[in-house]
Every structure is written in C-alpha cells, then in structure tokens.
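Written below as structure tokens is the structure these notes are about.
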Amino acid sequence: MKKIAILGSTGSVGRKALSVVEHLGEGYELCGLAVHSSTEELESQIRRWKPKVAGVIDPRAGAALRAELKGCGTEIFSGSEALSAVVESSGADTLVVATTGREALRPTYEALGRGLRVALASKELMVMAGQALDHRMKEGSGHILPVDSEHSAVFQCLDQHPLKELRRVLLTGTGGPFRGRTRAELADATPEQAVAHPKWRMGKKISVDSATLMN
C-alpha cells in the first residue's frame, strides 16, 4: 500500500494528484492533506477521502474547520507548523509538494530526512534551497521526483544520460493570457486579465507569475 500526503491539495497540481490516486484505486491510500487557507474545498476533500490528518496554515481558518469537522476522524493541525505536522503524523511514504513559496521548504526538508519520496511541483524550493535539499537527500534515503511540467520534462529528457553530455537547458514559457499580445496591447492589461489563465485554474500569485513570465 502506497501512502500519499499532499501539500497544496486544493491547487491545480494537488487536485490532479487526487484524481490520479482515485484513478489508480487499490494499492493507494490518501493519508494527509494540507492547504494555506482554502478550507471550503479542503472540507469536501476530507469528507471524500477521510485522511488520517489534515493541515491549514491559516490558524483561524484551521480552527473553524476543526470545529466544523469535529468527530470526523481526521486530526486537523493549524498554524505555521501545520505542514510539518502532516509530514510527521500522516504516515505517508510519498509527499506531493504542490504549494508555492517558502512555507513548503521545512516540511520538504523534513520529508527527505525521513526517507520519503517527494513529488515536487514547486520550483521555488529548488531556487531557494536546492543545495540544502540535495544535501539532505544524500544524508537520508529520501529522493525528489519532479512532477511539474517544465522540470519533469527536463528530468525525463536527461534520464539515462550523463550530465557531461548536457550543454544547456532551454525552458519555454507561454505568457498565459497575454501570449501573442504586443507591447502596446499590454500597456492596458489588468490584474483580472492576468489571473485569467486560458488553461489552468491557479492561485493569483502563480497566475501572475505565469502571465508576466516571472516564473
């Protein structure tokens, strides 16, 4: 039985991971979920999947969810340590890191130290602390599997090829809703347009990062 925990379960990657677990069916157990503050959707996920633990970084949102789901059988952690608590208490052997920003750094570091497989969708963690995570991975038995589109594609292209064969890596970017627009057309772009990605439903920050090519 493979045991899965997902940090960022209400985002696009998190929801996709849940659909994969559902499709695979037997042999997979969803034992942990965590979000920043999207408790309405998290509540539905908890009722559907009945994980052992769940986490909410926003303490007020977490307290409200705990009261709403009292007696449901899922232990709910809240506050700045919620993600780490999910890693520690879920019993997962695979951690899907689908949340953005520095909040996922510590639980990812701890998961590698515990020997977990980390399915990493957050490129920011490698930018912030790639050397530290690599060192932690070598210390223990955990390992990182890239699952977001760009770095998973690079990972698959490099599979079975020595690094000495690599000269450079080129990453493409779509520009999201602003693809094909001229400089003059972008002068009047609005925040509402920036978050209206034509394909993915993502949070505001990552949508803007995509639209402006900052990611």
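Just the heavy atoms: all of them, side chains too, but no hydrogens, waters or symmetry mates, feed the values below.
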Please indicate whether Q193 has more than 12 foreign heavy atoms, meaning atoms of other residues, nucleotides or ligands, lying under 6.0 Å from its CD. yes
In this structure, are over 12 heavy atoms from other groups packed under 6.0 Å from Q131 atom CD? no
Does one hydrophobic cluster hold both W49 and V96, with members joined at side-chain heavy-atom distances below 4.5 Å? yes
Heavy-atom pair with the smallest gap, counting every atom of L112 and V118: CD2-CG2, 3.7 Å
Examine F155 and I144 and state if one hydrophobic cluster contains both, with Ile, Leu, Val, Met, Phe, Trp and Tyr joined whenever side-chain heavy atoms are less than 4.5 Å apart. no
Are F178 and E185 side-chain neighbours, meaning at least one heavy-atom pair lies under 4.5 Å? no
Could you pull out every donor-acceptor pair under 3.5 Å between side chains of residues 18-38 and any protein atom, sequence neighbours left out?
unit_1 : atom_1 : unit_2 : atom_2 : d
S19    : OG     : K16    : O      : 2.6
E22    : OE2    : R48    : NH2    : 2.8

ILVMFWY cluster, V169 and L145 together (side-chain gap under 4.5 Å): no
Atom pair OG (S12) and NZ (K199), whose distance is rounded to the nearest 0.5 Å: 11.0 Å
Spacing of OG belonging to S122 relative to CD belonging to E103, to within rounding of 0.5 Å: 10.5 Å
Scanning both residues in full, the closest heavy-atom pair of T99 with G8 reads CB-CA, 4.1 Å
Indicate the atoms forming the closest heavy-atom contact of P146 with H151, along with that distance. CB-CD2, 2.7 Å
K2 and D93 ion-paired at < 4.0 Å: no
Over 12 foreign heavy atoms within 6.0 Å of NE2, H135: no
Which residues share a side-chain contact (heavy atoms from CB on, under 4.5 Å) with A129, sequence neighbours left out: L105, A132
Looking at I206, is its backbone amide N or carbonyl O close enough to the side chain of S210 to form a donor-acceptor pair, meaning the two atoms are under 3.5 Å apart? no
What donor-acceptor contacts under 3.5 angstrom involve side-chain atoms of residues 50-67, with partners at least two apart or in another chain?
unit_1 : atom_1 : unit_2 : atom_2 : d
K50    : NZ     : R47    : O      : 3.0
K52    : NZ     : S89    : O      : 3.2
D58    : OD1    : R60    : N      : 3.0
D58    : OD1    : A61    : N      : 3.0
R66    : NE     : I76    : O      : 3.1
R66    : NH2    : I76    : O      : 3.0
R66    : NH2    : S78    : OG     : 3.0

Non-hydrogen side-chain atoms of Q45 and T10 separated by less than 4.5 Å: yes
Who are the side-chain contact (heavy atoms from CB on, under 4.5 Å) partners of P198, not counting sequence neighbours? P177
Close side-chain approach of E41 and R15, heavy atoms under 4.5 Å: yes
Nearest 0.5 Å, what's the OG1-CG distance between T108 and L7? 6.5 Å
Say whether L83 and L42 are linked into one hydrophobic cluster, either directly or through other cluster members, by side-chain heavy-atom distances under 4.5 angstrom. no
Sub-4.5 Å side-chain heavy-atom contact between K3 and T94: no
Heavy-atom closest contact (I46 atom, C72 atom, distance): CG2-SG, 4.4 Å
Results of side-chain contact (heavy atoms from CB on, under 4.5 Å) for R106 - residues two or more places apart only: E81, S84, E110
Can you sort out the partners of D134 under side-chain contact (heavy atoms from CB on, under 4.5 Å), two or more places apart, ordered by chain and number? M137, K138
R136 side-chain N/O to Y109 backbone N/O, donor-acceptor pair under 3.5 Å: yes
Walk me through whether S152 and Q156 qualify under side chain to side chain donor-acceptor pair (under 3.5 Å). CA-CA 6 Å; S152 180; Q156 293 177 64; 3.0 Å; yes
With a 4.5 Å cut-off on side-chain heavy-atom distances among I, L, V, M, F, W and Y, is there a chain of contacts connecting V97 to M128? yes
Would you say the side chain of V147 lies within less than 4.5 Å of the side chain of L120, judging by non-hydrogen atoms? no
